[in-house]
Amino acid sequence: MKILLSGTASDSHTWNLVYLGLFLEELGHEVTDLGPCVSPELLVAACRLHSLDLVVLSSVNGHGYRDGLAAVQRMRAEPATASLPVVIGGKLGVDGCRQEAEVAQLLRAGCDAVLGEGDLDALRDFLSARALEQVAT
């Protein structure tokens, strides 16, 4: 699977992206890492440049909900990226607690999955399910 990995607009952490990139590559995926502090406009522009199967957004600083919502809304508004699957994971809020209302809003906005902090098993399961869907179609 061809995956675009990106930090959110206000998230300047790089270690999580390096780790996630290596994790995804070890699972056999081709990864393009945009790095930290990626605006929704830059994300959409990068998606247009690459032939992708999935976008993975990561947040460590606690603004994942706000930044992720802006990113997925921008992607869904663009015809070229409107149906591209998006997964977001990490710290969604500064309080550190998973807020189900925020998760629901991200899903309604167009995220295909919202994963918890460090939930690599859920990411692996999502990727396996996507791969099975691709084989079936």
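- Counting only distance, with no hydrogens or angles, the side chain of Ser39 and the backbone of Leu42 share a donor-acceptor pair below 3.5 Å.
- The nearest pair of heavy atoms linking Val55 to Leu43 is CG1-CD1, 4.2 Å.
- Side-chain contact between Val103 and Tyr65 is absent, with no heavy atoms from C-beta onward closer than 4.5 Å.
- If you take CG on Asp33 and CG on Leu4, they are separated by 8.5 Å, rounding to the nearest 0.5 Å.
- Ring geometry for His13 against Trp15 counts as perpendicular: the plane angle is over 60°, on a 0 to 90° scale with 30° as the lower cut.
- Between His63 and Val94 there is a side-chain heavy-atom pair separated by less than 4.5 Å.
- Using a distance-only test at 3.5 Å, with no hydrogens or angles considered, a donor-acceptor pair links the side chain of Ser59 to the main chain of Lys91.
- Atom CD of Glu30 is surrounded by 12 or fewer heavy atoms from other residues, nucleotides or ligands within 6.0 Å.
- For the residue pair Gly68 and Thr8, the shortest heavy atom distance occurs at N-CG2, 4.4 Å.
- Ser58 and Leu17 make their closest contact through CB-CD2, 3.9 Å (heavy atoms, listed as atom of the first residue, atom of the second, distance).
- In terms of modelled atom types and a separation under 3.5 Å, the side chain of Asp11 and the main chain of Asn61 share a donor-acceptor contact.
- Looking only at side-chain heavy atoms (C-beta outward), Leu20 and Leu123 come within less than 4.5 Å of each other.
- At least one donor-acceptor pair under 3.5 Å links the side chain of Asp53 to the backbone N or O of Lys2.
- A donor-acceptor pair under 3.5 Å is formed between the side chain of Asp67 and the backbone N or O of Ser10.
- Scanning all heavy atoms of the two residues, the minimum distance from Val56 to Leu54 falls at CG2-CD2, 3.9 Å.
- You'll find the side chain of Ile88 stays beyond 4.5 Å of the side chain of Leu115, heavy atoms only.
- Minimum interatomic distance between Gly21 and Leu5 (heavy atoms only, all atoms of both residues): N-CD2, 3.5 Å.
- Tested against Arg74, the residues Leu69, Thr81, Val44 include a single side chain to side chain contact (heavy atoms under 4.5 Å, CB included) partner, Val44.
- Residues Gln73 and Arg76 have side chains that never bring a donor and an acceptor to within less than 3.5 angstrom of each other.
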